[in-house]
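Written below as structure tokens is the structure these notes are about.
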Amino acid sequence: MWSLGRSYGLRTDLFAGHRLKTDGPFAVVRHPMYLGILVYHVGSSVALESSTLLAMTALVVLPYTATRIVGEERVLRAGFGDEYERYRARVPTLLPL
């Protein structure tokens with residue numbers, strides 16, 4: 001959130017002055033906040049030894065996060081066009097491999 005600065009928002013739309021963020025954690029993965037959310041939930045499940053929490057992560061958090069990523073990617077492609085496609089070609093979605 002801090003890395004995005006004024007570009008951070010809960011909604012997935014673009015606004016006046018919105019710029020494509022490609023440095024900092026966004027140079028490693030395109031969706032670092034969502035990676036953090038997933039790591040947090042899986043880590044909590046392991047730390048608490050909770051198969052229920054792990055199942056809820058798989059059934060609720062993962063699909064919601066995937067849906068959110070698809071929606072954001074659509075908005076970013078429409079708003080930034082070729083600039084986003086070049087960024088998308090060189091930086092992975094979630095896993096920095």
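Since the structure is predicted, the reported quantities are computational estimates derived from the model, not experimental observations.
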### Task
Dump the intermediate steps for side chain to side chain contact (heavy atoms under 4.5 Å, CB included) on Thr22 and Arg90, then the final yes or no.
CA-CA 10 Å; Thr22 62; Arg90 73 176 189 277; 4.0 Å; yes
[X] and [Y]: which non-hydrogen atoms are nearest, and at how many Å?
X: Arg30; Y: Tyr84; result: NE-OH, 3.4 Å
X: Ser45; Y: Thr57; result: OG-OG1, 3.9 Å
X: Tyr87; Y: Phe26; result: OH-O, 2.6 Å
X: Leu62; Y: Ala58; result: CB-O, 3.8 Å

Check the hydrophobic clustering (I, L, V, M, F, W, Y; side-chain heavy atoms under 4.5 Å; chains of links allowed) and say if [X] and [Y] are grouped together.
X: Val91; Y: Leu76; result: yes
X: Ile69; Y: Val39; result: yes
X: Val29; Y: Leu95; result: yes
X: Ile37; Y: Leu94; result: yes

Close side-chain approach of [X] and [Y], heavy atoms under 4.5 Å:
X: Leu53; Y: Leu48; result: yes
X: Arg88; Y: Phe80; result: no
X: His41; Y: Met56; result: no
X: Thr65; Y: Leu38; result: yes

### Query
Do we see a donor-acceptor contact under 3.5 Å between the side chains of Arg68 and Tyr34?
yes
### Query
Can you tell me if Arg77 uses its side chain to pair, donor with acceptor, with the backbone of Glu85 under 3.5 Å?
no
